[in-house]
Amino acid sequence: MSAGALPGFRDFYPKELAEREYVFRAWHAVARRFGFEQYDGPPLEALELYTRKSGEEIVTQLYNFTDKGGREVALRPEMTPTFARMVSARANALRKPVRWYSLPQLFRYERQQKGRLREHFQLNVDIVGESELSADAELLAVALEVMRECGLSVDDVVARVSDRRLLSSLLAAWGVPDDAVPAAYAAIDKVDRDPRPVLVERMRQAGIAEGTASAILEAVVRSDIAELRAAHHVIPAVAEGLDRIEAYLALMDAHGLRDWVQFDLSIVRGLAYYTGIVFELFDRKGEFRAICGGGRYDNLLRDLGDTDLPALGFGMGDVVLGELLRARGLMPSEQRGTDFFIAAEDPVKDVDVVRLATELRGLGASVEYAFRRGSLSKQRKAAWSAAASYIVEVRPTPDGQRIVVRDGAGAGFVSAVSNERTLGDVLGDTLLEPGDLMKVIRAHPRAVRPDFTVRTEA
RNA sequence: GUGACUGUAGCUCAAUUGGUUAGAGCACCGGACUGUGGCUCCGGGGGUUGCGGGUUCAAGUCCCGUCAGUCACCCCA
């Protein structure tokens, strides 16, 4: 077996590229519908851009090397640092709020597994310079509308949302000491995966009373706003956090997406820089990794540089989304073929075929024909194989040539055209809508031989 | 980085449990036939059985290593 792509990297054959483009089109369409502008940055950045906030251990997960100029560089593992750098550089000049999106290819040196390669494309959508809750709702709406654009329904996908501020105020209300908060976050993050006693034990070792730990995990699993309000309403920070979540859910309702959203305190997000509402999208069956994750990171720009602007954003990878679409039968499998495939029978000359092809191409149609002409049936097979919408057969007659248009799907003859009119004459400028071909042919009855009836068969 | 499982044609799988020259379907290429059509028939190219070593008269099959894939952990995009 010959060597394939490097581990964790993908070859995109036409079929795979068609699938990728399908997802990209959905991303572009939704981002633009919400008024986001596309940007991009370099795939290679200074290593320091990533180590500054994350520390040196991140280097083990990066594709990094020393370039010929002695610079320490890395392939970008995420887009946010690049985004932050670009925004910071022109922070004063940019119209606020900044609403940008990007489709970067990201790289990470890690052992691959399901839904996780060493390279992927990710839709990044970010808003900078807006602290209003409506921006948080708009951001999640973009992510969910992508799901809808791809044909997924509320039965397929759920958005789980939480709020870092609310969770930390709840932990304070439960009496969790400050130095035990990270351990509590870690346990809460794993509440769906690890056995409850194990998590309680970990929290106990971090200095949280066993009874409190159990109560916290139970409350997190329930994530019942009314219950939380009843239990902790006297604490202003908690009441404020609950108000905010309810207002957020009301906004999602206004977006027509309330059914997709579920309040879930167990959504913590690994990244430390989130400061407010955070969310993750999952398939409801729980077969795949998170489809998308994001939230508010109001302090990141300040911490990364000298710009202090509130910000929020999400990343959505093409790998998990692609797996989900394929599993649900929502990934278009047929590649779009050419509009016309010209098949010619001897002794029709090659130059006549090329002239016809050129004429059709001039009208904006995509056209293919056999370079090495075989039998008519062979050319027809080639046309079917090319998934052509229509097969144009050029056949010799005693007094010239006759053109027969055949439905590429095998539905039957569509039209026969005598040599006194060119196919372009008949089809005219409606070629851009091949589906209307039959209409055009009916409008030109002289071009249709009486004994050829248009047929459609099952 | 750690662990488990799996590697035979582009794809899906065979190969009488260690026994001749590793086969089939699909796909691809060529030919025949039919100018109401994706059929049918004939033929062809494709494999160092992931790679390397070992045991044996004999290895696709057993053992070791390595690489790759899958999954989990770690971590997160």
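Any value given below was found using the heavy atoms of this structure, including those in side chains, with hydrogens, waters and symmetry copies removed. Here is the naming used below: chain letters follow the sequence lines, and residue numbers restart at 1 for every chain.
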Quick check on [N]: is either OP1 or OP2 less than 4.0 Å from any side-chain nitrogen or oxygen of [X]?
X         : N       : answer
Arg111(A) : rC75(B) : no
Lys378(A) : rG31(B) : yes
Gln61(A)  : rC76(B) : no

Legend entry - Nucleotide rG1(B), atom P - distance to CZ of Arg108(A) in whole Å: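 So the two atoms are 15 Å apart, to the nearest Å.
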Inset, instruction - May I have the distance from Arg289(A) (atom CZ) to rC76(B) (atom P), rounded to whole angstrom? - result: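 In whole Å, rC76(B) P lies 13 Å from Arg289(A) CZ.
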Across all strands, who's sitting opposite [N] as a Watson-Crick or G-U wobble pair, both distances under 3.5 Å?
N       : value
rU2(B)  : rA72(B)
rU61(B) : none
rA9(B)  : none
rC29(B) : rG43(B)

Sugar-phosphate, base or nothing in reach of [X], heavy atoms under 4.0 Å:
X         : value
Leu376(A) : base
Gln112(A) : sugar-phosphate
Arg118(A) : nothing
Leu123(A) : nothing
Gly294(A) : nothing

Inset, instruction - State whether the number of non-hydrogen atoms from other residues, nucleotides or ligands found under 6.0 Å of Asp178(A) atom CG is greater than 12. - result: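 Check fails, neighbour count at 12 or below.
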Legend entry - Crowding at CZ, Phe34(A) (>12 non-hydrogen neighbours, <6.0 Å):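 For Phe34(A), atom CZ is crowded (more than 12 foreign heavy atoms under 6.0 Å).
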Which of the following nucleotides, [options], is nearest to the side chain of [X]?
X         : options                   : value
Arg380(A) : rG35(B), rC71(B), rU40(B) : rG35(B)
Arg116(A) : rG69(B), rC71(B), rC76(B) : rC76(B)
Lys381(A) : rA32(B), rC75(B), rA68(B) : rA32(B)
Gln113(A) : rA32(B), rA72(B), rG69(B) : rA72(B)

Inset, instruction - Determine whether the side chains of Ser102(A) and Gln38(A) contain a donor N or O and an acceptor N or O closer than 3.5 Å. - result: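 There is no such pair (donor and acceptor under 3.5 Å, judged by atom type) between the side chains of Ser102(A) and Gln38(A).
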Legend entry - Distance-only donor-acceptor check, side chains Tyr274(A) and Asn299(A), under 3.5 Å: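 No, Asn299(A) and Tyr274(A) have no side-chain donor paired with an acceptor closer than 3.5 Å.
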Legend entry - Nearest-Å distance once atom P is located in both rU16(B) and rA59(B):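 To the nearest whole Å, 16 Å.
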Legend entry - P spacing across the pair rU8(B) / rA68(B), given as an integer number of angstrom: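 So the two P atoms sit 16 Å from each other.
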Legend entry - Distance, nearest 0.5 Å, that separates CG of Asp264(A) from CZ of Arg160(A):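 These two atoms lie 5.5 Å from each other.
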Inset, instruction - Report the glycosidic orientation of rG35(B): syn if within 90° of 0, anti in every other case. - result: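 You should classify rG35(B) as syn.
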